[in-house]
Amino acid sequence: MTSSRFPILLPAVCLVLAGPASAAPSANRFDGAWSVVATAETGTCTGPYRYPIVIRDGVVDDAGGNGVDASGRAGADGRITGTIRSGLASVSVTGRLRGAAGQGRWSLAGISPCAGRWTARRTG
């Protein structure tokens with residue numbers, strides 16, 4: 001994956017502040033609208049990138065509809081794990097939400113690997 005395709009994929013970093021969804025979703029104290037900022041620390045990726053997300057019943061979704069395949073979940077304890085895929089690229093996301101804020105790490109595997117940090121704040 002070249003660095004020119006990365007901006008298409010990085011919005012998904014923000015969209016997946018989560019991991020595999022459970023069979024029976026339920027209300028989660030982290031449900032609501034969030035604003036996420038992702039910054040690159042290594043590799044050829046640039047940034048920062050800012051994107052809105054929404055968490056519903058602990059499942060993370062992109063509030064902007066950017067066309068990536070994301071899977072993930074925000075646990076009741078605030079733990080975040082997930083994967084975002086776009087074409088052959090795959091971004092792994094981990095971190096934690098606490099109250100109205102959160103932070104974590106992301107990494108993009110592939111031909112042009114990149115990694116960095118994300119921060120989030122509740123907006124609604």
Side-chain angles (χ1 to χ4, degrees):
M1 171 171 215
T2 65
S3 61
S4 64
R5 290 182 58 201
F6 183 71
I8 294 170
L9 183 59
L10 189 55
V13 167
C14 306
L15 130 75
V16 171
L17 293 177
S22 67
S26 60
N28 181 304
R29 68 184 179 127
F30 299 106
D31 285 359
W34 293 79
S35 175
V36 179
V37 177
T39 56
E41 295 178 325
T42 63
T44 58
C45 303
T46 60
Y49 302 94
R50 299 176 194 324
Y51 299 97
I53 65 156
V54 63
I55 300 174
R56 292 183 191 100
D57 297 326
V59 177
V60 178
D61 195 7
D62 178 2
N66 55 31
V68 296
D69 178 25
S71 62
R73 186 150 178 82
D77 63 355
R79 289 183 193 200
I80 301 294
T81 59
T83 302
I84 304 153
R85 290 185 176 85
S86 178
L88 298 175
S90 178
V91 174
S92 296
V93 180
T94 61
R96 181 174 290 259
L97 300 175
R98 296 178 201 262
Q103 64 182 356
R105 300 204 46 84
W106 61 268
S107 63
L108 171 67
I111 296 171
S112 297
C114 302
R117 295 185 182 274
W118 60 265
T119 59
R121 67 178 175 81
R122 187 186 293 267
T123 59

Any idea which heavy atoms bring [X] and [Y] closest together, and the distance?
X	Y	value
V36	A120	CG2-CB, 3.9 Å
T123	S35	CG2-CB, 3.7 Å
R96	D77	NH1-O, 2.9 Å
C45	L108	SG-CD2, 4.1 Å

Once you round to the nearest 0.5 Å, how far does [atom1] of [X] lie from [atom2] of [Y]?
X	Y	atom1	atom2	value
W106	T39	CH2	OG1	8.0 Å
F30	R79	CZ	CZ	11.5 Å
W118	Q103	CH2	CD	7.5 Å

When you compare the side chain of L97 with that of W34, does any pair of heavy atoms fall below 4.5 Å?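 Yes, at least one pair of side-chain atoms sits under 4.5 Å.
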Using the test salt bridge (charged side-chain N to carboxylate O under 4.0 Å, His left out), find all partners of R121 that sit at least two apart in sequence or belong to another chain.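 Residues passing salt bridge (charged side-chain N to carboxylate O under 4.0 Å, His left out) with R121: none at all.
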Non-neighbouring partners of R122 that pass salt bridge (charged side-chain N to carboxylate O under 4.0 Å, His left out), sequence neighbours left out: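 If we apply the salt bridge (charged side-chain N to carboxylate O under 4.0 Å, His left out) test to R122, skipping adjacent residues, there are no hits.
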I'd like to know if the side chain of N28 reaches the main chain of A74, judged simply by a donor and an acceptor atom lying under 3.5 Å from each other, with no hydrogens or angles considered.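 Yes, N28 side chain to A74 backbone: donor-acceptor pair under 3.5 Å.
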With sequence neighbours left out, what residues match R29 under side chain to side chain donor-acceptor pair (under 3.5 Å)?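 R29 satisfies side chain to side chain donor-acceptor pair (under 3.5 Å) with no residue once adjacent residues are dropped.
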